Visitor: 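Mind looking over this structure? Questions follow.
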2 protein chains.
Amino acid sequence: MVRRTRFNDSDCPVARSVDAIGDWWSLLIVRDAFDGSRRFGEFQRSLGVAKNILTTRLRVLVAGGILDVVPASDGSSYHEYVLTPKGKDLFPVIVALRQWGEGHFFEPDEPHSEMIDRRRGQPLRMLEIRSADGRLLDPDDTAVNKVTR
Amino acid sequence: MVRRTRFNDSDCPVARSVDAIGDWWSLLIVRDAFDGSRRFGEFQRSLGVAKNILTTRLRVLVAGGILDVVPASDGSSYHEYVLTPKGKDLFPVIVALRQWGEGHFFEPDEPHSEMIDRRRGQPLRMLEIRSADGRLLDPDDTAVNKVTR
DNA sequence: TTACTTTGGTTGCAACATGCTACCAGAACG
DNA sequence: CGTTCTGGTAGCATGTTGCAACCAAAGTAA
């Protein structure tokens, strides 16, 4: 099971996020959900994960409000796992990980799956970090306000 | 140690990214590095992680080209861990996780650390996913081209 | 309606990773 | 110099993962 958030870190949103999805499989399950997987077996075949592990991960994601269990869309009496709004809000996280991976783990000519804009069939624009008034920022232009207790 | 990438997933950039940083501590170490932590002891106190765990995580991150070991900036003979360019490219991932956490794990009035724009002291703009030609996209506007082998 | 397959699990066990505590060497510090 | 600080190792208990075997309910074809 995923670890509990540590006390001295609980006021950092990154820590709470990592607590919810910070293990190997959870993020890949969410990625697959964005790619259209809905059924237990789809996730299992796509990921190659052991079934007991998948069972517990799906349960954690459902308990965490990231996936929802709904009746199967094909009319059978099985059920399916779909992203909740909270789960869909992970989209920028997945895109960020995808772009980082594309940039650093593949040779320029190496084939890899890629995310495209449906309308034009083009790859997405790189993510940009901007200030409230629209300036492009890099890490050095930012700071973290630590909460004092 | 972090798990090896599975064969049936190795062509997905998300999988390779998760393989590199997809465990509890690695991402929090990177976050701390963005926040200015450089020394072993700083990371340890900030995270509350056992020293042997921190040792192996730092080694994995250095081996993965995300952190670099450099001589200490204070002239002592100790050394420090700093983000490489590859590590700095994780900035959007951290920001995405931070924004997701802020939006879903805190009450509106609950205090938490926040990332601000140094120049104006304002929180950052929310990340936006855009097509190559600049249209705002949501998950349903995108698709993933799977590589066929 | 009966036999077979698919789906979505559960269970038990072995191996591995994690975390705690104690210890330790070299550098800094007074 | 003697003490403290820093950055680790080592050993051991516990927790988590992964594999393989098993299983029941639902679907399917005759």
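Not measured: the values here are computed from a predicted model. Numbers restart at 1 for each chain; the letters A, B, ... are given by sequence-line order, proteins then strands.
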Visitor: Can you tell me how far P of C:dT18 sits from CG of B:Leu28, to the nearest Å?
Guide: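 B:Leu28 atom CG is separated from C:dT18 atom P by 14 Å.
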Visitor: Is there a side-chain contact between B:Arg39 and the phosphate of D:dT6, meaning an N or O under 4.0 Å from OP1 or OP2?
Guide: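 So the side-chain polar atoms of B:Arg39 never come under 4.0 Å of the phosphate oxygens OP1 or OP2 of D:dT6.
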Visitor: At less than 4.0 Å, is any side-chain N or O atom of B:Tyr78 found next to OP1 or OP2 of C:dA25? Yes or no.
Guide: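 B:Tyr78 to C:dA25 OP1/OP2: no side-chain N or O under 4.0 Å.
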Visitor: Can you tell me if the side-chain N/O atoms of A:Arg59 get under 4.0 Å from OP1 or OP2 in C:dG9?
Guide: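 False: A:Arg59 side-chain N/O out of range (4.0 Å or more) of C:dG9 OP1/OP2.
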Visitor: Nearest to the side chain of A:Ile53, which nucleotide is it out of D:dT17, D:dA20, D:dG8?
Guide: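 In terms of side-chain proximity for A:Ile53, the closest of D:dT17, D:dA20, D:dG8 is D:dT17.
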Visitor: Any side-chain N or O of A:Ser77 under 4.0 Å from OP1/OP2 of D:dG27?
Guide: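 Checking D:dG27 against A:Ser77, a side-chain N or O does come within under 4.0 Å of OP1 or OP2.
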Visitor: Would you mind reading off the distance between B:Asn52 atom CG and C:dC23 atom C1', rounded to a whole angstrom?
Guide: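 For the pair B:Asn52 CG and C:dC23 C1', the rounded distance is 13 Å.
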Visitor: Any Lys/Arg nitrogen of A:Arg119 or B:Asp133 sitting under 4.0 Å from an Asp/Glu carboxylate oxygen of the other?
Guide: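 Salt bridge absent between A:Arg119 and B:Asp133.
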Visitor: Which one, D:dT17, D:dC19, C:dT18, comes nearest to the side chain of A:Ala50?
Guide: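 Taking heavy atoms from C-beta onward, the closest nucleotide is D:dC19.
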Visitor: Whole angstrom is fine here: how far is it from CH2 in A:Trp25 over to C1' in D:dT17?
Guide: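 In whole Å, D:dT17 C1' and A:Trp25 CH2 are 10 Å from each other.
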Visitor: To the nearest angstrom, how far is B:Asp74 atom CG from C:dA27 atom P?
Guide: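 So the two atoms are 15 Å apart, to the nearest Å.
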Visitor: Would you indicate, yes or no, if C:dG9 has its OP1 or OP2 atom less than 4.0 angstrom from a side-chain nitrogen or oxygen of A:His79?
Guide: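 Yes, such a contact exists.
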Visitor: Taking the side chain from B:Ser26 and the backbone from B:Gly22, do they hold a donor-acceptor pair closer than 3.5 Å?
Guide: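 Answer holds: no.
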Visitor: Nearest whole angstrom, please: distance from the C1' of C:dG8 to the CZ of A:Arg45.
Guide: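 Whole-Å distance recorded here is 11 Å.
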Visitor: For a side-chain hydrogen bond (donor to acceptor under 3.5 Å, both in side chains) check, start with the C-alpha distance between A:Ser131 and B:Gln122, then their side-chain angles and the critical distance, and finish with the verdict.
Guide: CA-CA 7 Å; A:Ser131 63; B:Gln122 297 290 317; over 6 Å; no
Visitor: Taking only side-chain nitrogens and oxygens of B:Tyr81, does any of them come within less than 4.0 Å of OP1 or OP2 of D:dT6?
Guide: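 B:Tyr81 to D:dT6 OP1/OP2: no side-chain N or O under 4.0 Å.
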Visitor: Give the rounded distance in Å between these two atoms: NZ of B:Lys51 and C1' of C:dC24.
Guide: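 Rounded to the whole Å, the gap is 10 Å.
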Visitor: Under 4.0 angstrom, heavy atoms only, what part of the nucleic acid is A:Phe43 near: base, sugar-phosphate, or nothing?
Guide: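 Nothing: the residue A:Phe43, judged by heavy atoms under 4.0 Å, touches no strand.
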Visitor: Work out which heavy atom in A:Ser46 is nearest to a heavy atom in A:Arg31; give both atom names and the distance.
Guide: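 Shortest heavy-atom separation between A:Ser46 and A:Arg31 comes out as OG-NH2, 4.3 Å.
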Visitor: If I take atom CD in residue A:Gln44 and atom C1' in nucleotide C:dG8, what distance separates them, rounded to the nearest angstrom?
Guide: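 After rounding, the gap between these two atoms is 9 Å.
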Visitor: How many Å lie between CG on A:Leu58 and P on D:dT17, as a whole number?
Guide: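 It works out to 14 Å between those atoms.
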Visitor: Nearest 0.5 Å, what's the CD-NE2 distance between A:Glu102 and A:His112?
Guide: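 It comes to 5.0 Å.
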Visitor: In terms of the nearest nucleotide of DNA chain D, which residue is placed more toward the 5' end: A:Gly75 or B:Phe40?
Guide: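 The 5'-side residue here is B:Phe40.
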